[in-house]
Amino acid sequence: MDGEIDDVVARWCQATVRRDSAAVADCLSDEVVLSSPISDLLQVRGRAQVRELTARAFSTIESIEFHTRLDGPGHCALFARARLNSQHLDEAVLLGLDEAGGLIREITLFIRPLSALIELNATLTAGRKQR
């Protein structure tokens, strides 16, 4: 894999493990799109909005440990385990990479079990304005 792309994925993983939303945002393109694990209809767009969302998520998720990485042309899949309050959480993240700038342009999340996903959704939507 290209050195710049490999570097941005490594930085993103390190920032995620540290639960540092500002460092996560530094790895993202301005036009990044994050697709919700809940619905195809819910997407978060732009570096600032993704940073805000990750900050809320990091307030609840703990002990993030990446254990598997699969690289493909322009994409990287990462698999992690974490704790969400008192329960176990498994996460798969598909990153779409901007080869020109070495930044992440797309994030697609997959989370299990359903009970953890529901609890995370409640955390992420608490206090947000309904649109």
Side-chain angles (χ1 to χ4, degrees):
M1 178 160 255
D2 179 82
E4 269 189 66
I5 292 172
D6 191 47
D7 180 56
V8 76
V9 172
R11 288 187 297 118
W12 189 85
C13 288
Q14 293 165 1
T16 299
V17 167
R18 290 192 320 267
R19 300 179 331 173
D20 182 343
S21 60
V24 165
D26 288 342
C27 299
L28 307 176
S29 73
D30 290 335
E31 300 82 26
V32 66
V33 175
L34 184 146
S35 295
S36 165
I38 298 169
S39 169
D40 285 344
L41 303 175
L42 178 59
Q43 293 185 333
V44 177
R45 296 181 177 274
R47 181 182 289 156
Q49 287 187 1
V50 172
R51 179 181 178 178
E52 178 187 325
L53 182 75
T54 57
R56 285 197 311 271
F58 292 162
S59 72
T60 304
I61 297 173
E62 299 175 345
S63 304
I64 303 166
E65 296 178 20
F66 288 96
H67 57 82
T68 304
R69 176 178 168 170
L70 303 171
D71 294 312
H75 287 83
C76 180
L78 300 164
F79 300 86
R81 292 183 187 95
R83 302 286 308 160
L84 178 66
N85 295 322
S86 63
Q87 59 182 311
H88 169 83
L89 177 140
D90 290 306
E91 179 180 37
V93 183
L94 180 61
L95 301 177
L97 305 167
D98 173 6
E99 293 184 41
L103 297 172
I104 297 167
R105 64 175 167 72
E106 185 177 0
I107 304 167
T108 305
L109 300 173
F110 305 90
I111 296 173
R112 66 164 301 281
L114 181 59
S115 58
L117 179 59
I118 291 169
E119 187 172 340
L120 180 60
N121 182 59
T123 297
L124 297 179
T125 58
R128 291 196 68 189
K129 295 177 185 175
Q130 298 297 321
R131 296 178 190 207

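Two residues are said to be in side-chain contact when any heavy atoms from C-beta on lie closer than 4.5 Å; His88 and Arg81 meet this criterion. Counting heavy atoms from C-beta outward, Thr16 and Phe58 have side chains that approach closer than 4.5 Å. Using a 4.5 Å heavy-atom cutoff, the side chains of Arg56 and Leu53 are in contact.
The only option from Leu97, Val93, Val50, Val9 that meets the side-chain contact (heavy atoms from CB on, under 4.5 Å) definition with Ile104 turns out to be Leu97. When each of Ile111, Thr54, Leu120 is paired with Ile61, the side-chain contact (heavy atoms from CB on, under 4.5 Å) condition holds for Leu120 and for no other.
In the hydrophobic cluster analysis, where Ile, Leu, Val, Met, Phe, Trp and Tyr join through side-chain heavy atoms closer than 4.5 angstrom, Phe110 is grouped apart from Leu34.
Contact detail for Ala25 and Arg51: the closest heavy-atom pair is CB-CB, 3.9 Å. Smallest separation of non-hydrogen atoms from Leu109 and Glu91: CD2-OE2, 3.3 Å. Taking every heavy atom of both residues into account, Cys27 and Trp12 meet most closely at SG-N, 3.6 Å. For the residue pair Asp20 and Ala23, the shortest heavy atom distance occurs at OD1-N, 3.0 Å. Arg45 and Gln49 get closest at one heavy-atom pair: O-OE1, 3.1 Å. Closest of all the heavy-atom pairs between Ser29 and Leu103 is N-CB, 3.8 Å.
Atom CG of Leu28 and atom CZ of Arg105 lie 12.5 Å apart (nearest 0.5 Å). Expressed to the nearest 0.5 Å, how far CG of Asp90 lies from NE2 of His67 amounts to 6.0 Å. Interatomic distance, Arg47 CZ to Asp26 CG, rounded to the nearest 0.5 Å: 7.0 Å. To the nearest 0.5 Å, atom OG1 of residue Thr108 and atom CG of residue Leu95 are 8.5 Å apart. With rounding to the nearest 0.5 Å, the separation of CG in Asn121 from CG in Leu117 is 6.5 Å.
Asn85 meets the side chain to side chain contact (heavy atoms under 4.5 Å, CB included) test with Thr60, Glu119; sequence neighbours excluded. For Ser115, the side-chain hydrogen bond (donor to acceptor under 3.5 Å, both in side chains) partners two or more places apart in sequence, or in a different chain, are Gln87.
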Take Leu94 and Ile107 through the test side chain to side chain contact (heavy atoms under 4.5 Å, CB included) and record every step on the way to the result.
CA-CA 6 Å; Leu94 180 61; Ile107 304 167; over 6 Å; no
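Under the 3.5 Å distance criterion, the side-chain polar atoms of Arg83 are left unmatched by any main-chain donor or acceptor of Ser63.
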